[in-house]
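One structure below.
Each ligand, and each atom within it, is numbered from 1 in the order the structure gives.
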Amino acid sequence: MSLCHPEKGNVSCGACCGLFNLKLTTKEYTNLLLERTNEFKKTVDFSIRHSFPIYRKDRETKEGSIPKKDEMTYNCPFLGYVDETKHRIGCMIHPIFTGDPKSQNFSFYGTSICQAYDCKTKEGALADLWEDLFVEIAKDSIEFSFLSADHIFTYAVEKFFAHSLLNTETMFHLNRLELMELFRIRLETSASKNFTSFEINYDIFLTLESVERYLSSELGSEWNQWKLEWEKKNPNRGEVSGSFDK
Ligand code: SF4
Ligand code: SF4
């Protein structure tokens, strides 16, 4: 199991399959995934190969009228619910379901890309700790996907703690409630973003000031509010800017 499909909880991620490129509300994402899953179960027969492209074409036509955030980003209709209770999202044509190692070749990206891709947070050194935290915060797989795919924000938070000379033990344990609050604030605006996890981070946050500039631009006044509370718990932490790099 991994950040994509955590062992714990009842959530999973599907952000890199392009879901959030569609301009929908959180509720509408859930409805769309349910609609895809029901249609997939009714129309796709793993032993009939042409049922895969027929499903894909049909969904692409139906979803063609949904406005996109970026016309160049593809949203794969094979992303749906993959468990009986319809809580976990994932690839409905993954080889573990179809028994065919190449079944993802029916998709736009193809097997080699689908199986080789790992996002920045998943391949990062703190992946397991982020996974645990995001499972705890997310109320469903949509929220979990928002959190998991948001690698620039996550990296900025890591750097904020590193520049404040606080180690990962402090960050994920002693400051856990504050960390959870920060990501809950982030979730309030996540739906308006097009998180694919492919976003390029142009800022490596060499100083505390650069991290704070980024967090302030992303969270607005809520960042100042959060920082005020955080400083009460961690006095004088702003004085070590730039002296430590992870
Ligand atoms: S965005 Fe990352 S965590 Fe989410 S499904 Fe893709 S690789 Fe996995
Ligand atoms: S076929 Fe690839 S892009 Fe489509 S849902 Fe599966 S893993 Fe994602």
Practice problem: Please assess F106 against F78 for the test ring pair (Phe, Tyr, Trp, His ring centres under 6.0 Å), listing each intermediate value before the final yes or no. | Solution: CA-CA 9 Å; F106 287 111; F78 290 113; 7.6 Å; no
Quiz item: How far apart are the C-alpha atoms of W223 and F160, what are their side-chain angles, what is the distance that settles it, and do they pass the ring pair (Phe, Tyr, Trp, His ring centres under 6.0 Å) test?
Solution: CA-CA 12 Å; W223 163 249; F160 174 77; 5.4 Å; yes
Practice problem: Would you sort out whether Y117 and Y109 count as a ring pair (Phe, Tyr, Trp, His ring centres under 6.0 Å), showing the intermediate values? | Solution: CA-CA 11 Å; Y117 179 75; Y109 291 116; 9.0 Å; no
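Of all the listed residues (S145, P6, C13), C13 holds the heavy atom that lies closest to atom 4 (Fe) of ligand 1.
Residue-level proximity to ligand 1 for S197 is carried by the side chain, the only part with a heavy atom below 4.0 angstrom.
Short contacts between ligand 1 and L3, defined as distances under 4.0 Å to a heavy atom of the residue, involve ligand atoms 3 (S). Residue S107 has at least one heavy-atom neighbour below 4.0 Å for each of these atoms of ligand 2: 1 (S). For ligand 2 and Y109, the ligand atoms under 4.0 Å from any heavy atom of the residue are 3 (S). Set against the non-hydrogen atoms of C76, the atoms of ligand 2 under 4.0 Å away are 1 (S), 3 (S), 4 (Fe), 5 (S).
In this structure, the protein non-hydrogen atom closest to atom 8 (Fe) of ligand 2 is C17 SG, 2.4 Å. For atom 2 (Fe) of ligand 2, the closest non-hydrogen atom of the protein is C114 SG, 2.2 Å. The closest protein non-hydrogen atom to atom 6 (Fe) of ligand 1 is C16 SG, 2.3 Å.
Note on E131 versus K122: no salt bridge recorded, every NZ/NE/NH1/NH2 to OD/OE distance being 4.0 Å or above. Under the 4.0 Å criterion applied to side-chain N and carboxylate O atoms, K227 and E222 are not assigned as salt-bridge partners.
Checked against a 6.0 Å centroid threshold, the rings of F195 and F20 do not count as neighbours.
Judged purely by distance below 3.5 Å, without hydrogens or angles, the side chains of D100 and S103 never pair a donor atom with an acceptor atom. Side chain to side chain, Q115 and S112 fail the donor-acceptor criterion of an N or O pair below 3.5 Å.
The distance from atom 6 (Fe) of ligand 2 to the nearest N/O/S atom of C91 is under 2.8 Å. C119 lies close to atom 2 (Fe) of ligand 1, since one of its N, O or S atoms is found at a distance under 2.8 Å.
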